[in-house]
Amino acid sequence: MPDAIIVEGLVKKYGRLIALDGLDLTVPEGTVTALLGPNGAGKTTTVRVLTTLLTPDSGRATVAGIDVLRQPQRLRAHIGASGQYAAVDEYLTGFENLEMVGRLYHLGVARSKERARELLDRFRLSDAADRPVKGYSGGMRRRLDLAGALVANPPVLFLDEPTTGLDPRARLDLWDVIEELVAGGTTLLLTTQYMEEADRLADAIAVIDHGRVIARGTADELKAMVGGDRIELTVDHVDRLEVARAALAPLAVGEIHLEPGLRRITVPVSDGSQALVDAIGRLSAHEVTIQDVGLRRPSLDDVFLTLTGHDAGELINGDGPGAALEQATEGSR
Ligand SMILES: Nc1ncnc2c1ncn2[C@@H]1O[C@H](COP(=O)(O)OP(=O)(O)OP(=O)(O)O)[C@@H](O)[C@H]1O
Ligand SMILES: [Mg+2]
């Protein structure tokens, strides 16, 4: 299968800050790759370069066989993109927004209207179709922006955090839409902070941090890299966490992780059920009261933690230092 997206040695600097530091990536045609990384890792920067919105300092990129840097104009007709922050016209209705995108892609008047109706229906926005976007909720804008990316049925699609800010129902809907698109042959690069989303949708996951891909594989491959089961314990008081850590250290086959806010301690172990019995015995010997205990397989969060040293929990709040800047610069498509 040929690669629909090829990225080689992409570098992007903002003054002294290196946002992309020699990023390499390939996405085979008709597959989904998720870029997974903490705030500021370079996900949005990558998407902006590949969608011609940003010029890198060096490196090469080809999308759908077209050189991104040499033929940006030509490329735009072959891709669809939706940004991290919805780029929709406040004063137009939902219908008018999509119709306008259709015209920009030269679909013609009739086809543009038809496509707008189809997509409004698919994203459950038909009832709001004729209202100005000004009165839409955040999730509705997000869905409208995503619909915009699909108007021209582009063979390659870039979605930057497509489900951030969507309610659970809208998220499931979007997953269905994405699965249909991919079944139809669309190539997709998406960024996400949700491990379950990468798990469910992506054929391959590229973990990025500090502007480089630090690991790549299927969700299962990445989980296998970190190995072992996890014992997860909640103690009755945050002060007891350090005692628990010391008591459980002999059982750990990797780094023990503490989440003081949740009074939680996670311990990677080799023989899960035996280790669980041992752990409970050790904690009771140290007079640590356990509120909740469980054994689980490694999650992508663990992968993250192991590879980057960042807690995946830090991922959920999307207000990195880059966020405000992007909001300021990402108003137009
Ligand atoms: N316009 C800009 N000017 C200066 N620095 C920027 C700009 N855009 C991004 N950066 C910086 O580049 C780095 C990468 O940012 P980027 O937005 O690509 O990260 P991200 O992975 O999308 O993060 P998030 O999960 O918060 O969306 C960050 O350190 C960010 O602060
Ligand atoms: Mg981003």
Side-chain angles (χ1 to χ4, degrees), residues 5 7 9-25 27 32-59 61 63 68-69 79-88 138-139 141-142 145-146 149 157-166 171 174 188-198 201-202 204-216 222 300-301 303-305 307-333:
I5 302 174
V7 176
L10 222 48
V11 174
K12 176 68 193 178
K13 296 178 188 156
Y14 291 106
R16 283 163 56 199
L17 190 141
I18 302 174
L20 297 181
D21 188 16
L23 187 108
D24 297 312
L25 184 72
V27 180
V32 182
T33 289
L35 275 187
L36 195 63
N39 289 147
K43 302 179 297 292
T44 296
T45 306
T46 304
V47 169
R48 288 174 65 80
V49 168
L50 295 178
T51 54
T52 77
L53 297 176
L54 195 64
T55 309
D57 295 294
S58 59
V63 172
V68 176
L69 299 171
I79 57 174
S82 145
Q84 184 168 4
Y85 304 97
V88 287
R141 284 158 198 254
R142 206 80 196 78
D145 187 48
L146 287 160
L157 202 55
F158 296 89
L159 304 179
D160 195 6
E161 296 198 21
T163 64
T164 300
L166 295 187
R171 171 169 298 160
L174 181 68
L188 172 62
L189 182 67
L190 68 86
T191 76
T192 184
Q193 312 201 359
Y194 299 107
M195 315 301 157
E196 50 163 340
E197 182 161 286
L201 294 177
I205 297 170
V207 181
I208 89 166
D209 198 26
H210 300 298
R212 306 172 139 268
V213 174
I214 57 169
R216 200 188 138 81
L222 291 175
L300 282 176
D301 300 64
V303 173
F304 224 93
L305 190 62
L307 292 172
T308 67
H310 301 284
D311 183 344
E314 289 166 19
L315 288 174
I316 304 306
N317 299 313
D319 302 313
L325 278 167
E326 277 171 29
Q327 244 153 354
T329 53
E330 211 156 31
S332 59
R333 193 182 343 226

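For this chain, numbers begin at 1 and follow the sequence in order. Atoms within each ligand, like the ligands themselves, are counted from 1 in listed order.
- Taking all atoms of both residues into account, the shortest heavy-atom contact from Leu36 to Thr192 is CD1-O, 3.3 Å.
- Heavy-atom proximity to Glu161, at under 4.0 Å, picks out these atoms of ligand 1: 25 (O), 27 (O).
- One finds the CG atom of Leu17 at 10.5 Å from the NE2 atom of His210 (value rounded to the nearest 0.5 Å).
- Listed by atom number, the atoms of ligand 1 under 4.0 Å from Thr45 heavy atoms are 14 (C), 15 (O), 16 (P), 18 (O).
- Taking distance alone, with nitrogen or oxygen atoms compared against 3.5 Å, Thr46 stays at or beyond that limit from ligand 1.
- With a 4.0 Å heavy-atom cut-off, ligand 1 is reached by no atom of Ile208.
- Here the shortest heavy-atom distance to atom 23 (O) of ligand 1, taken over Gly42, Gly15, Gly40, belongs to Gly40.
- Checking Thr44 against the Mg ion (ligand 2), an N/O/S atom falls under the 2.8 Å cut-off.
- Taking CG of Leu188 as the reference point, atom OG1 of Thr33 lies at 8.5 Å (rounded to 0.5 Å).
- Within ligand 1, counting atoms from 1 as listed, the ones closer than 4.0 Å to a heavy atom of Leu17 are 11 (C), 12 (O), 13 (C), 29 (O).
- For Lys12 (side chain) and Thr55 (main-chain N/O), a donor-acceptor pair under 3.5 Å exists by modelled atom type.
- For the atom pair Leu189 CG and Asp160 CG, the distance stands at 9.0 Å (nearest 0.5 Å).
- Between Lys13 and Ile18, the closest heavy-atom pair is CG-CG1, 4.2 Å.
- Within ligand 1, the atoms closer than 4.0 Å to a non-hydrogen atom of Thr44 are 17 (O), 18 (O), 20 (P), 22 (O), 27 (O), numbered from 1 in the order shown.
- Some N or O of Ala41 is nearer than 3.5 Å to an N or O of ligand 1, by distance alone.
- At least one donor-acceptor pair closer than 3.5 Å links the side chain of Arg171 to the backbone N or O of Thr163.
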